[in-house]
Amino acid sequence: MERTRPFQVSLLPITVRVIVRDWLNANSIVLLQPGYNVVVDTGYSSHANQTLALVRQPEHLGDEPIQLVVNTHCHSDHMGGNALLARTYGCPVAVPEGEASLIREWDTRALWLDYADQRAERFAVDQELVVGRRYGWGGLSWEAIAAPGHDTGALVFYCEAEQLLISGDALWENGFGVVPPDRPGALAAARETLDRIAALDVAVVIPGHGRPFTGIAAALDRSYQRMEAFDADSVRMARHALKVMLMFTLLERRQLPLSTLSGYLDSIPVYREYNAAYLGLAPSALAEMLVTELERAGAITRSGEFLKPAVRNSW
């Protein structure tokens with residue numbers, strides 16, 4: 001089973017349990033309430049059985065059932081365990097209203113599945129989460145707040161009484177999820193999302209990746225600085241997106257052969273299209289650039305003829 005990392009649980013209400021995952025999987029948040037236990041985000045599909053085992057640990061659900069699965073947004077690392085949990089517990093799945101049609105139609109491009117060589121088991125949408133509406137989970141009231149940028153229909157959930165924010169990929173301690181450079185207005189939308197978060201009275205953030213954290217002003221400042229750098233250089237933004245995508249694939253597969261990397265990149269639409277639009281490199285040159293920059297950052301290592309992910313807590 002994947003290793004989870006401890007954090008200062010005293011910062012959180014007793015009914016809020018966070019399973020801090022690795023960087024292939026989004027964190028899972030267990031919100032406990034007699035007769036109505038909720039799990040927010042379920043990790044990647046290849047780790048769905050691990051997600052089930054983790055939520056069943058005594059410090060989380062134990063033998064208690066799940067009554068609802070919720071997603072902050074519908075990317076593969078957040079929804080990959082939905083189908084298994086829904087089957088196991090016979091519980092409904094709730095997704096943001098802006099994403100519901102994509103799931104019902106199983107739009108593999110818009111969901112970044114085939115488009116980015118990612119996977120998720122198809123599931124049914126039972127409920128749609130509406131911007132501005134309040135939801136009672138874990139004995140607490142959570143407001144659904146629009147958080148476009150990384151994903152158009154994404155939501156964050158804010159509990160004013162506890163000054164607590166479930167931020168998904170809208171805000172991490174050291175950044176935020178990839179913002180697609182080819183989506184018109186995406187970066188401006190991501191900035192507006194940060195502005196919305198900055199206007200809230202937040203003491204603790206539960207991010208989609210990484211440990212829960214305080215120091216919200218500093219985290220926001222780091223994100224604004226990154227956003228300004230991307231705004232000034234769309235090529236840098238595209239390079240960053242492709243490095244994140246390649247890291248994600250390496251985390252899933254554990255290794256990729258160097259000899260076939262350029263062919264692999266040319267076969268996957270996101271690499272081929274971003275390269276054509278922003279970089280204009282031969283596939284071999286694209287592969288060399290991504291490998292060199294990820295090696296320099298300490299994110300990957302070479303082992304003989306294979307690329308492997310290094311042990312890291314962030315991208």
Side-chain angles (χ1 to χ4, degrees), residues 2-3 20-28 41-48 50-51 71-82 108-121 149-151 154 168-170 172 174-183 186 207-210 226 230 236-258 260-275 278-279 286-287 289-303 306-315:
E2 78 182 78
R3 184 177 62 184
V20 180
R21 309 294 295 272
D22 63 22
W23 282 81
L24 176 64
N25 294 289
N27 296 336
S28 295
D41 290 337
T42 62
Y44 195 63
S45 58
S46 61
H47 288 192
Q50 293 181 356
T51 299
N71 290 128
T72 56
H73 62 290
C74 294
H75 282 165
S76 60
D77 53 331
H78 291 253
M79 66 179 186
N82 285 11
T108 59
R109 181 183 176 93
L111 293 169
W112 285 55
L113 296 174
D114 295 349
Y115 180 64
D117 191 28
Q118 297 176 18
R119 277 157 286 284
E121 183 180 354
H150 170 65
D151 189 60
D169 289 348
W172 303 335
N174 291 295
F176 45 85
V178 167
V179 177
D182 60 335
R183 186 190 300 152
H209 300 270
R226 175 172 289 191
F230 287 157
R236 176 178 177 176
M237 189 175 170
R239 272 203 327 267
H240 172 74
L242 293 185
K243 286 186 287 184
V244 170
M245 294 298 169
L246 182 55
M247 274 304 305
F248 192 92
T249 299
L250 279 168
L251 287 168
E252 180 197 5
R253 300 191 183 188
R254 307 310 304 165
Q255 63 180 26
L256 286 173
L258 273 165
T260 60
L261 182 60
S262 60
Y264 168 77
L265 297 177
D266 199 41
S267 72
I268 305 302
V270 68
Y271 299 99
R272 190 172 60 247
E273 292 178 14
Y274 280 22
N275 184 31
Y278 299 98
L279 305 173
L286 175 64
M289 183 200 74
L290 294 176
V291 169
T292 298
E293 293 192 8
L294 286 169
E295 277 188 313
R296 187 183 301 129
I300 63 173
T301 60
R302 298 190 197 217
S303 178
F306 291 90
L307 287 178
K308 295 187 177 184
V311 177
R312 289 176 60 84
N313 289 335
S314 63
W315 292 331

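Heavy-atom basis, side chains included; hydrogens, waters and symmetry copies ignored. This is a predicted model, so every value here is computed, not measured.
- With sequence neighbours left out, the side-chain hydrogen bond (donor to acceptor under 3.5 Å, both in side chains) criterion links D117 to R119, R253, Y264.
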Stepwise side-chain contact (heavy atoms from CB on, under 4.5 Å) test for L24 and H47: CA-CA 9 Å; L24 176 64; H47 288 192; 3.9 Å; yes
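- Here T292 pairs with E288 under the side-chain hydrogen bond (donor to acceptor under 3.5 Å, both in side chains) rule; sequence neighbours left out.
- If you take CD on E295 and OG1 on T301, they are separated by 8.0 Å, rounding to the nearest 0.5 Å.
- M237 contributes atom CE, which lies 11.5 Å from atom CG of L242 (distance to the nearest 0.5 angstrom).
- Heavy atoms only, all atoms of each residue included: T42 and R21 are closest at O-NH1, 4.4 Å.
- One distance of note links NE2 of H78 with NE2 of H73; it measures 3.5 Å at 0.5 Å rounding.
- Residues satisfying the ring-ring contact (aromatic ring centres under 6.0 Å, His included) test with F176, not counting sequence neighbours, are none.
- Every residue meeting the salt bridge (Lys or Arg N to Asp or Glu O under 4.0 Å) condition with E293, not counting sequence neighbours, appears here in chain and number order: R239, K243.
- Note: L307 CG to L258 CG = 4.0 Å, rounded to the nearest 0.5 Å.
- When all heavy atoms are compared, the tightest approach of N27 to P207 is ND2-O, 2.8 Å.
- N25 contributes atom CG, which lies 9.5 Å from atom CG of L251 (distance to the nearest 0.5 angstrom).
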Worked check of side-chain contact (heavy atoms from CB on, under 4.5 Å) between L279 and M289: CA-CA 10 Å; L279 305 173; M289 183 200 74; 4.1 Å; yes
Pair D151-H75, side-chain hydrogen bond (donor to acceptor under 3.5 Å, both in side chains): steps then yes or no: CA-CA 8 Å; D151 189 60; H75 282 165; 3.0 Å; yes
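- Between S76 and L113, the shortest heavy-atom contact is CB-CD2, 3.9 Å.
- R272 and S267 share no donor-acceptor pair across their side chains, judged by distance under 3.5 Å alone.
- Remark: Y115 engages W112 in a ring-ring contact (aromatic ring centres under 6.0 Å, His included) (not counting sequence neighbours).
- Remark: R183 CZ is packed, more than 12 non-hydrogen atoms of other residues, nucleotides or ligands lying under 6.0 Å away.
- Qualifying side-chain hydrogen bond (donor to acceptor under 3.5 Å, both in side chains) partners for S28, counting only residues two or more places apart in sequence or in other chains: none.
- Residues G80 and A48 come closest through the heavy atom pair O-CB, 4.1 Å.
- Using cut-offs of 30° and 60° on the angle between ring planes, the pair H209 and W172 is perpendicular.
- Here CD1 of I300 is found 6.5 Å from CG of L246. Values are rounded to the nearest 0.5 Å.
- Relative orientation of the H240 and F230 rings is tilted, given thresholds of 30° and 60° on the angle between their planes.
- A donor-acceptor contact shorter than 3.5 Å links the side chain of H150 to the backbone of V178.
- Closest non-hydrogen pair, A26 versus D41, comes out as CB-CB, 4.4 Å.
- The side-chain heavy atoms of T249 and L256, taken from C-beta on, include a pair separated by under 4.5 Å.
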Audit row: T51, Y44, side-chain contact (heavy atoms from CB on, under 4.5 Å) steps and yes/no: CA-CA 9 Å; T51 299; Y44 195 63; over 6 Å; no
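- Between A238 and Y274, the shortest heavy-atom distance links the atoms O-CD2, 4.3 Å.
- When only modelled atom types and interatomic distance are considered, N71 and N82 share a side-chain donor-acceptor pair under 3.5 Å.
- Residues Y271 and D266 have side chains that never bring a donor and an acceptor to within less than 3.5 angstrom of each other.
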